[in-house]
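Numbers restart at 1 for each chain; the letters A, B, ... are given by sequence-line order, proteins then strands.
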2 protein chains.
Amino acid sequence: MRPREFDHDDVLRIAFDQFWRKGVRGTSLSDIARDAGVQRGSLYNAFGSKEALFLQAYERYAGDYLLALQKVLGAGSLRKRLTAFFDLTITNFRTGSPPRGCPTTRGLMELGAAEGEGLDEEARQAFANLISRITALVQDALSAGAARGEFGGNPAAAALHIITVTRGLAVLERAFGDEPQLRKIAAHTIDLVLDKQGR
Amino acid sequence: MRPREFDHDDVLRIAFDQFWRKGVRGTSLSDIARDAGVQRGSLYNAFGSKEALFLQAYERYAGDYLLALQKVLGAGSLRKRLTAFFDLTITNFRTGSPPRGCPTTRGLMELGAAEGEGLDEEARQAFANLISRITALVQDALSAGAARGEFGGNPAAAALHIITVTRGLAVLERAFGDEPQLRKIAAHTIDLVLDKQGR
DNA sequence: AGAGTATTTGACACGACGTCAAGAAAATGC
DNA sequence: GCATTTTCTTGACGTCGTGTCAAATACTCT
């Protein structure tokens, strides 16, 4: 056995950074190879394909991100939790310059509509999976809030609504790049859901 | 002067159909040329570049789409208008098999985060422009509704919120392809905005 | 030390984008 | 009616990206 000459995790991080900034289709394996100081062929040998490499890098990101969300969604009043949740969400795709956007949303929209086109079904499931798990976290927070009388609606419906808004924010971020506006929408959403419309 | 051997508008329609289904990056000019029965070089001669061709095709689509929206947002009670608006929105990216998704959202997420990457600034403005104009239409409907006592909130904030939800729906459509779920979210959003939370 | 095995490396085939020069076809002027 | 001109068309080219393969390489285990 000959040992790898590069660190698996280093490559994963470097690759995801590129994918995040430029999208999967917009990132070439040559770019990653150059950045990581690895030969292009070695990447194919180690990961099989660009999509497989992306998937591994994405899973890594998804795990980290879920942990961070779990943290902010688990402490404080419901309003505080939701505020922190939106905050982390917006911060997540507003970091970097230019801002990197939301990798999940970008990945989803990069999917080919037809079969075989672009990213494959496995990637779609990875994206859907992260969204589902985030939805579950939000729903848990809402249910906990309901138990404490901080919320009187349907946790499942409200969680879905909140998630939809975060996905929409990811899109508007791309369109306008106007962070204050995103935060306003987030605040408004919290008001709507908590039924204090601030009028 | 030698006349064109193909119809400008035909090509635009054929091209946009492909862009819509497979994204800009996922569509090759060879595909379009084959589909349209035109030589690839002729497309370059007539449009200049893939992005320019996309932009023209997109503007065409945007105009049609705006007209349709204007129609449904201008008649009936506010609730009816919003329902028809969400209906048209969801129908728009659920048509075709497999569903084609939302071209605006896809286009936005295909944009390169950095300069020079992928679609250029002009495309971003075209996307942002359509979103802005749709927002304005929704806001008009809300204002009209407010004048008739059908709505008591802030039209600008509510319109922005609604638009955000539609962008989120476009993303969730990609993730889950679950049309009934999308419609539920839409209905819930209308309830929230009109302040009848259906509890 | 030697054999085995996985990794690295460079070359290859293929397709896509965009450019360019040469050929083709119609409108205009004489 | 014919030549000219102007535009469109056509095919070839260079570059870059993806993915494959066989040969060379370097480590490990016996």
Chemist: Distance check needed: D/dG17 C1' versus A/Lys22 NZ, whole Å only.
Modeler: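 Computing the A/Lys22:NZ to D/dG17:C1' distance gives 12 Å.
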Chemist: Base, sugar-phosphate, or nothing for B/Phe47, non-hydrogen atoms under 4.0 angstrom?
Modeler: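 Since no nucleic acid heavy atom lies under 4.0 Å of B/Phe47, the category is nothing.
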Chemist: As a test of reading the structure: which of D/dG11, D/dG17, D/dC8 is closest to the side chain of B/Gln39, going by heavy atoms?
Modeler: D/dG11
Chemist: Using 0.5 Å steps for rounding, measure from the OG1 atom of B/Thr104 to the CE atom of A/Met109.
Modeler: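 Going from OG1 on B/Thr104 over to CE on A/Met109, the span is 9.0 Å.
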Chemist: Quick check on D/dC8: is either OP1 or OP2 less than 4.0 Å from any side-chain nitrogen or oxygen of B/Ser42?
Modeler: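 Answer no for this pair, as no side-chain N or O of B/Ser42 is under 4.0 Å from OP1 or OP2.
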Chemist: Rounded to the nearest Å, what distance is computed from the NE2 atom of residue B/His8 to the P atom of nucleotide D/dT7?
Modeler: 16 Å
Chemist: In whole Å, I'd like the distance from the OH atom of A/Tyr44 to the C1' atom of D/dT20.
Modeler: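 Rounded to the whole Å, the gap is 10 Å.
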Chemist: Could you see if B/Ile131 belongs to whatever hydrophobic cluster contains B/Leu73? Use Ile, Leu, Val, Met, Phe, Trp, Tyr and a side-chain cutoff under 4.5 Å.
Modeler: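 B/Ile131 and B/Leu73: one cluster.
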Chemist: So, B/Phe16 versus B/Phe19, ring centres under 6.0 angstrom or not?
Modeler: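 Not under 6.0 Å, so no.
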Chemist: Mapping B/Arg40 and B/Phe6 to their closest nucleotides on DNA chain D, which lands nearer the 5' end?
Modeler: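 Its nucleotide being nearer the 5' end, the pick is B/Phe6.
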Chemist: Nearest-nucleotide wise, let me know which of A/Gly48 and A/Asp31 is further upstream toward the 5' end of DNA chain D.
Modeler: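 Nearest-nucleotide comparison on DNA chain D picks A/Asp31.
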Chemist: Assess whether a salt bridge exists between A/Arg25 and A/Glu110, defined as any Lys/Arg side-chain N lying under 4.0 Å from an Asp/Glu carboxylate O.
Modeler: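 Salt bridge flag = no for A/Glu110 with A/Arg25.
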Chemist: Using the heavy-atom set of chain A and a strict 4.0 Å cut-off, write down the first and last nucleotide of DNA chain C that makes it in, 5' to 3'.
Modeler: C/dG4 to C/dG10
Chemist: Can the ring centroids of A/Phe47 and A/His8 be said to lie less than 6.0 angstrom from one another?
Modeler: yes
Chemist: Between B/Lys50 (NZ) and D/dC16 (P), how many Å, whole number?
Modeler: 17 Å
Chemist: Which label fits B/His161 and A/His161: parallel for a plane angle under 30°, tilted from 30 to 60°, or perpendicular past 60°?
Modeler: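 B/His161 and A/His161: tilted rings.
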